[in-house]
S.K.: 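Have a look at this one.
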Amino acid sequence: MGTQVVQTLRQGVWASLTGGWYHEPDQNKFNNSCHLYLWIFLLMLPLSLHLALPPTTIALSIYCTSITVFFILIKLANYRLHLMFDEGEAVVRSSLSDLSKVQEKKSNASDSCLPARQGESASEEKPIEGGLYPRPEPSPDDLSSPNPDQAAPLLQAQQRPPSRAERQEMHPGSAGGKMDTEMNENGVLHEGMDVQSSLMGTDRVQADQERTAEKDSVQDRTEDKDCEEIADGETADEGLPSSKGSEDESEEESEGQKEVSDANNNSLETPKDSQDDFVDAPEPPAQEEDSLDESSETSTQEKPTRKIYYKLELFPGKWINILYDRLTLLALLDRNQDVLENLFSVFMAFLVSFLGFVLLNHGCFKDFWVFQFCLVIASCQYSLLKGHNPLVAYSRATYFCIFCALIWLLEQLLRLKDLPVSTLCLLCHVLTGFTYCFPITFLVGLFPQINTFTIYLLEQIDMHFFGGTAATSLISAIYSILRSLIAVCLLYGFCFGALKEPWDEQHTPALFSGFCGLLVVFSYHLSRQSSDPSVLLSLIKSKVMPALPGLLNIAAAPPSCAPQKEILLSDVVICSVAYILTFAITASTVFLSLRPFVTIVLYALAGTVGFVTHYLIPQLRKHHPWLWISHPILKTKEYHQFEPREDAVLMWFERLYVGLLCFEKYVVYPAIVLSALTNDGFALSHRKKLGIHCDVLLTTVAGLKLLRSSFCDPSFQFLTLLFTLVFFHFDCPHASESFLLDFFIMSIIFHKMRELLLKLHFILVYIAPWQIAWGSAFHAFAQPFAVPHSAMLLLQTLLTTVFYTPLAPFLGSAIFISSYPRPIKFWERNYNTKRIDNSNSRLVSQVDKETGCDDNNLNSIFYEYLTRSLQHSLCGDLMLGRWGNYSSGDCFILASDYLNALVHLIEIGNGVVTFQLRGLEFRGTYCQQREVEAITEGVEEDDACCCCEPGHLPHMLSCNAAFNLRWLAWEVMATKYLLEGYSISENNAATMLQVYDLRKLLITYYLKSIIYYLVHSPKLSTWLKDAAIQEALQSYTKWHHIERDPQVFSVKIDEDYVHCLQGVTRASFCNVYLEWIQYCAGKMETPVESDEDSPLVTLSYALSVLGRRSLGTASHNMSNSLESFLYGFNTLFKGDFRIATKDEWVFADLDLLQKVVAPAVRMSLKLHQDHFTCLEETEEASILYEAITNYRSSLVICHESDPAWRKAVLSSRDTLLTLRHMIDDGTDEYKIIMLYKRHLSFKVIKINKECVRGLWAGQQQELVFLRNLNPERGSIQNSKQALRNMVNSSCDQPLGYPMYVSPLTTSYAGTHHTLRSIGGGALSLDAIRSWLCTKWLRSVYLISSQYGGDRLPPRDSGSLEWDGCQKPALSTVAAVLPLTSLILSPPPAPCPSLPLSPPSFLNPSFTHYFQNSILYRPCVNSRGSLNGMCICICTCVWFTLKLLSS
């Protein structure tokens, strides 16, 4: 615990204060010294220049130039060294350990590139080289080991003893017996200097240098050979982490190595001859080069060590050797991956220095605050070099530049005389104070990552100013704000042209009417589009540029392209109609002529419709209306059904809800906004309030925002309208500018007020003393401690509401602290669950162990299927009111018998909903089970009132129940919400196979299934005629052949076992299975010989032996044991067949295994299950044959790790069966899992979204910052009033442990069949044309019945025979093809006869065209010519003329 606290203080608290610098004991002295002096340099440089030089441009230039050059040099060197490690040439040098160093002259050099220091005591503690544990005190046996301080930057593998081949190569005359000291052209000592040279004095060094110069030619010849030997080792070394293994492992290795080293520790100096002899000594056991357990501290053997040099080319043909490694360099400086990132870092460093010193020169900081500001500058610049968190390396510098730029701008504005000085000064002081507190604000986590902040800022601007929806990523946020700005720019020009000149009440300018029409069109179209641009780009690519694969790196046609295409086609028609209607209404001056009567009527209508739609009907449909009534008043048909078997029935109140919702969205609020626009535009055309440009901009922005909000989410619009009228007409009429701006401002304020109410509700529910759930002793202490700080808590609540930040309980207690601002998608990672199966796992894992055998991985498929179901139905169900009122960011919990999932609504559009589902564990923890019980238990039977039980009124809740429901952060919205899913039934395989007779029955079904699949194989005739197979099966044709393997065949489990012969024979096999073979062969279309001596019986007998022998091999030849039998059968079930030598004939065609034996194993399991339900039926051959045939087509039987299992589940197959091996908490069980597709009933629980945001933020702070990894920490204990455990369990890993996390999924209203039945689907040109063709076809039938005597067919007839022509049904005619196929399709052949003749006055050429194209083309296949719409009109005219002429 103490170590964890110290580590948190050092790496968390101190690093946050300094921008990333802290002392790391596990690093070498060189790195820590560089970090310290680097930070001091960045701190003292601006401070000294500011104090020493006058505040002039020269001082600013000196500081900025120094920082820029300094960063360029560091980044260039860092980039060049990493490039050297990636692409450079490595040279391996092997040298002996320094045997001449003594305890009095021990080197303390911390890095190989620093000169060695002498004269220090050998008894002082040595720093560890990149490890996690301190170095033990040196023993006498360790005196000859290499100096760890010198070897600090070396890789662990460099301390590895060389192999025998390397030692033979280094034997006399090799580079291993010389010193590793090199000189460059200027005589400067290279970084590759060995420790020996630093221990022998100046004379010895000079002698070594002379000897090294003589051996340069030898080195050049051996370097290339050495490089080839370590090519593989270099790659492995560079990927090593900086930490070592545990102390125990190191000690074990050192003990094994000391036996060799002690025998050679007799002297402190070893001559060359003795060194050569030592090199030939036997080597210790081989060790991996990339082993983390091997270290110089624990290695005491006298072996030559390998050192890896890298050639760094300075100039063409000039290079130096670098004795360094990547891990030490990464510990010294952060790596920038590419050139642009390095340039951006240098630019940010320059910008920080420039803006910071400009403020210093302007005198914004005095006295001590100058030092504080220089400290902030140093922390920002240091984070660009070595941040404690690489993910936020640029965040501190970016925030600093933003704040300094704002302060500088305010300082410039204060020099102007026409602006409010007091307000600007206050704002400037606030920003300056925030800049002072940068270390504290980053410590407590008030600033997010810069990408998160960008998403948050753009999303808030788009939502509050342009009426946009939530953003799902940085690209999504940029795309959303750009399209909103483009719309505003286009609308601004029309509005400016309409308002720059005054106009009267009797004439509205056409330009203004066009502006209103475009405003409605843009608002409607933007509300229908998702914020994710990838879907639209994919659709454009698939339709416009199909011949350019890989363009934009987007999939050609994702699943959501079809609904998006339908939306675009529908918008073409609806936007055109909306523009015409809007233009006509605004041009008619109805809003100006009938004011204020029209506005009063519209306000009353909006209030009434909104109250009924968004308050009354949802309350009547709740599980407990107004939290007083015990059951819903408006009940669905499924409410009283135990297991609904059909889709949810559309109720009358759902039709009413959809009708009122559409009337409100598409009629009421557009009329209100257009009325306000007309009235305000008329007023602004005569009197400009804030200037023409400002008035036009505000009008455009307010109109766009209000219309988009009304189209997307009108749930709270009527309350916003009511507050607007009350506040600006009664409370503060003097503050009113215009109704449009009042409505716009109140929409933002009301949104924040709702957030404030949600936060207060969460806080009061969470800290209520009568239901507090103390998860630890700290919670009991924090509860009374938080009471005196209620005022601070209220202030935090107000601030977090303004900035849309979560309010998190500290360690899950009653103390709340603010977190950083987040967007509606309030988690940074795009964490998605990847299911493990045979398609994405290694073959060795599939063979040696169960692939993804844990329950969470296997059960995640059910949540994936649930996500698919929600994708088709969620948006429509929300519009039908089945989830109650909803808005962006709302969180719901779907709870059923075993499925519990959290659904987060992220983006709410007009017919578009983006959500994410997070599935919890089936077998949850104790805390999760307690919260699930709280959700599922009813309160209708509670009769208590305070301390007594007087009962309650009929259909009402008791006082205690009503009181408790009001103190919950969640509410049950519906109890019978239906979704397609799978019910799971499981049986214990051990119970079903406990008795030997049941195992014998399984083997019997196994062999019968083999025979069935063999007979039904299309390759049967090929196998029977294959000479190789017939030759291999010669032994099986003999009647006296006996299979006597006692580990495979047994009288207990084999029906055809002959006890006296101790085995299985062909005769015994035919005695049991010949009848079944002949029955199956009799069902074949092509007759096959099936007597006792036929090749079919021989092949069946051979496969039966192979199948049983494979089962015995998989059971480890212990089939009599139940555990071994189940293990072997499960092995065969998942397709792992171990073929014996006797059965290798099957490799002649692997389809014998894959298409015959493997499916027979799986089918036998299903037949064995049916044996318990219908014993007599399965004994008859005909019934068994029919059962297998039916199961082949209707039932999916495979292992869960097979990709076919996932494909079958996601394809909505009705029935599936599998065998699961479950290993959980020491239990080893085999379960037979049966899945049945049906409608699952869920409870829909709406949970306070601020509760979810706050609890997630608290978990993030506790686990990431405070490093509390206790799995039983108090912050995740059960809390029924807030569902704390279920909410925290749904966090991303490692904060939570969800079983499944879906990707961001978009649901469209057009995919909901019930909703389409109400409105008839999307309105498009195809739909209009289909409707016209249908009406025209009915008219043709009507006239035909009058003239030809044919009876008018019914509307529901499937097809019609009319004069020899096949006519499609009306529903078929309605489903016409797209316009492209309409235009490009060739005309079909005309009908042979005409029931009607065209009028005689028509042109004969037109008559011929009419017969071939007009009348019959739409009748035959609902396709027309290029002018299909004109044809329909001409046809109607012709019908009229014909009737008149008759």
Side-chain angles (χ1 to χ4, degrees), residues 846-851 853 986-1011 1043-1059 1062-1064 1068-1069 1072-1073 1103-1140 1142-1143 1153 1156-1172 1175 1178 1197-1202 1217-1224 1226-1234:
Q846 303 174 25
V847 175
D848 295 342
K849 62 181 180 179
E850 297 283 347
T851 302
C853 61
E986 60 180 30
N987 296 314
N988 195 335
T991 304
M992 302 177 65
L993 297 172
Q994 185 71 41
V995 185
Y996 281 112
D997 290 341
L998 295 177
R999 274 181 259 173
K1000 180 186 292 186
L1001 182 64
L1002 179 63
I1003 296 298
T1004 302
Y1005 286 137
Y1006 176 28
L1007 300 185
K1008 288 186 176 182
S1009 299
I1010 289 178
I1011 296 170
E1043 290 290 339
R1044 283 200 179 113
D1045 193 344
Q1047 297 175 340
V1048 176
F1049 305 98
S1050 172
V1051 69
K1052 298 178 181 179
I1053 61 175
D1054 290 308
E1055 188 75 23
D1056 54 349
Y1057 188 83
V1058 182
H1059 186 68
Q1062 298 295 315
V1064 175
S1068 62
F1069 174 79
V1072 178
Y1073 299 104
L1103 286 176
S1104 69
V1105 173
L1106 180 146
R1108 283 181 280 190
R1109 188 175 285 126
S1110 299
L1111 178 59
T1113 303
S1115 304
H1116 304 295
N1117 296 323
M1118 298 174 61
S1119 299
N1120 291 330
S1121 171
L1122 177 61
E1123 291 78 10
S1124 299
F1125 181 84
L1126 287 173
Y1127 178 83
F1129 189 82
N1130 179 67
T1131 303
L1132 297 186
F1133 191 88
K1134 67 179 182 179
D1136 183 10
F1137 287 86
R1138 309 295 174 93
I1139 303 301
K1142 300 179 181 179
D1143 301 323
L1153 277 178
V1156 177
V1157 183
V1161 175
R1162 299 164 182 173
M1163 183 60 69
S1164 63
L1165 185 64
K1166 175 58 179 172
L1167 297 176
H1168 188 268
Q1169 269 201 314
D1170 293 346
H1171 167 77
F1172 293 94
L1175 175 61
T1178 55
I1197 310 175
C1198 62
H1199 197 264
E1200 289 178 286
S1201 61
D1202 192 340
L1217 183 139
T1218 188
L1219 180 63
R1220 178 183 294 184
H1221 186 196
M1222 301 173 61
I1223 304 175
D1224 187 17
T1227 61
D1228 191 353
E1229 296 179 342
Y1230 292 89
K1231 296 285 188 180
I1232 300 175
I1233 307 295
M1234 195 74 180

S.K.: For A989 versus L1126, what's the shortest heavy-atom pair and its separation?
M.R.: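 It is CB-CD2, 4.0 Å.
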S.K.: Do R1109 and E1043 meet the salt-bridge criterion of a basic N to acidic O distance under 4.0 Å?
M.R.: yes
S.K.: Take L1167 and S1009 through the side-chain contact (heavy atoms from CB on, under 4.5 Å) test and state the conclusion after the steps.
M.R.: CA-CA 9 Å; L1167 297 176; S1009 299; 3.6 Å; yes
S.K.: Heavy atoms, side chains only, cut-off 4.5 Å: are Q1169 and L1217 in contact?
M.R.: yes
S.K.: Considering only NZ, NE, NH1 and NH2 on the basic side and carboxylate oxygens on the acidic side, decide whether D1045 and K1142 come within less than 4.0 Å.
M.R.: no
S.K.: Quick one: OG on S1164 to CD1 on I1197, what's the gap to the nearest 0.5 Å?
M.R.: 8.5 Å
S.K.: Is the H1168 ring parallel, tilted or perpendicular to the Y1005 ring (thresholds 30°, 60°)?
M.R.: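 Rings of H1168 and Y1005: perpendicular, as their planes differ by over 60°.
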S.K.: Decide side-chain contact (heavy atoms from CB on, under 4.5 Å) for L1106 and I1010; before the verdict, give the C-alpha distance in whole Å, the side-chain angles of both, and the deciding distance to 0.1 Å.
M.R.: CA-CA 10 Å; L1106 180 146; I1010 289 178; over 6 Å; no
S.K.: Check whether any side-chain heavy atom of Y1073 lies under 4.5 Å from a side-chain heavy atom of S1104, and answer yes or no.
M.R.: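 Sidechains of S1104 and Y1073: no contact.
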S.K.: Just wondering, do D1228 and H1221 contact through their side chains at under 4.5 Å, heavy atoms?
M.R.: yes
S.K.: Measure from the side-chain N and O atoms of T1218 to the backbone N and O of I1233, and report whether any donor-acceptor pair falls under 3.5 Å.
M.R.: no
S.K.: Between V1058 and S1068, what is the shortest heavy-atom contact and its length?
M.R.: CG2-CB, 3.5 Å
S.K.: Any chance you could measure L1219, atom CG, to H1199, atom NE2, to the nearest 0.5 Å?
M.R.: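 Taking CG in L1219 and NE2 in H1199, the distance rounds to 6.5 Å.
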S.K.: Determine whether K1052 and R999 make a side-chain contact, defined as any pair of heavy atoms from C-beta on separated by less than 4.5 Å.
M.R.: no
S.K.: Of all the heavy-atom pairs spanning F1172 and M992, show the shortest one and how long it is.
M.R.: CE1-CE, 3.4 Å
S.K.: Checking side chain to side chain contact (heavy atoms under 4.5 Å, CB included) between E1055 and each of L1001, I1003, T1004, which is the one that passes?
M.R.: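 When L1001, I1003, T1004 are each tested with E1055, the side chain to side chain contact (heavy atoms under 4.5 Å, CB included) holds only for T1004.
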S.K.: Test Y1057 against Q1062 for side-chain contact (heavy atoms from CB on, under 4.5 Å), laying out the working first.
M.R.: CA-CA 7 Å; Y1057 188 83; Q1062 298 295 315; 3.3 Å; yes
S.K.: Would you indicate whether the side-chain heavy atoms of T1113 and F1137 approach each other to under 4.5 Å?
M.R.: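 When only atoms from C-beta onward are counted, T1113 and F1137 do not touch, as no gap falls below 4.5 Å.
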S.K.: So, does D1054 use its side chain to make a donor-acceptor pair with the main chain of S1050 at under 3.5 Å?
M.R.: yes
S.K.: Which atom names give the shortest non-hydrogen contact between G1135 and R1162, and what distance separates them?
M.R.: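 Smallest interatomic distance, heavy atoms only, reads N-NH2, 4.2 Å.
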S.K.: Would you say that L1111 contacts F1125 through its side chain, given a criterion of any heavy-atom pair below 4.5 Å between the two side chains?
M.R.: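 Side chain of L1111 against side chain of F1125, heavy atoms only: contact under 4.5 Å found.
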S.K.: Can you tell if the side chain of F1129 reaches within under 4.5 Å of the side chain of L993, non-hydrogen atoms only?
M.R.: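 No, every pair of side-chain atoms sits at 4.5 Å or beyond.
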S.K.: Mind checking the CG-CG spacing from L1103 to L1007? Nearest 0.5 Å is all I need.
M.R.: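 Going from CG on L1103 over to CG on L1007, the span is 10.0 Å.
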S.K.: Could you tell me which non-hydrogen atom of A990 sits nearest to which non-hydrogen atom of L1122, and how far apart they are?
M.R.: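 Looking at all heavy atoms of both residues, the closest pair is O-CD2, 3.9 Å.
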S.K.: F1049 and R1108: which non-hydrogen atoms are nearest, and at how many Å?
M.R.: CE2-NE, 3.7 Å
S.K.: Should N988 and K1231 count as side-chain neighbours, where that means a heavy-atom distance under 4.5 Å?
M.R.: yes
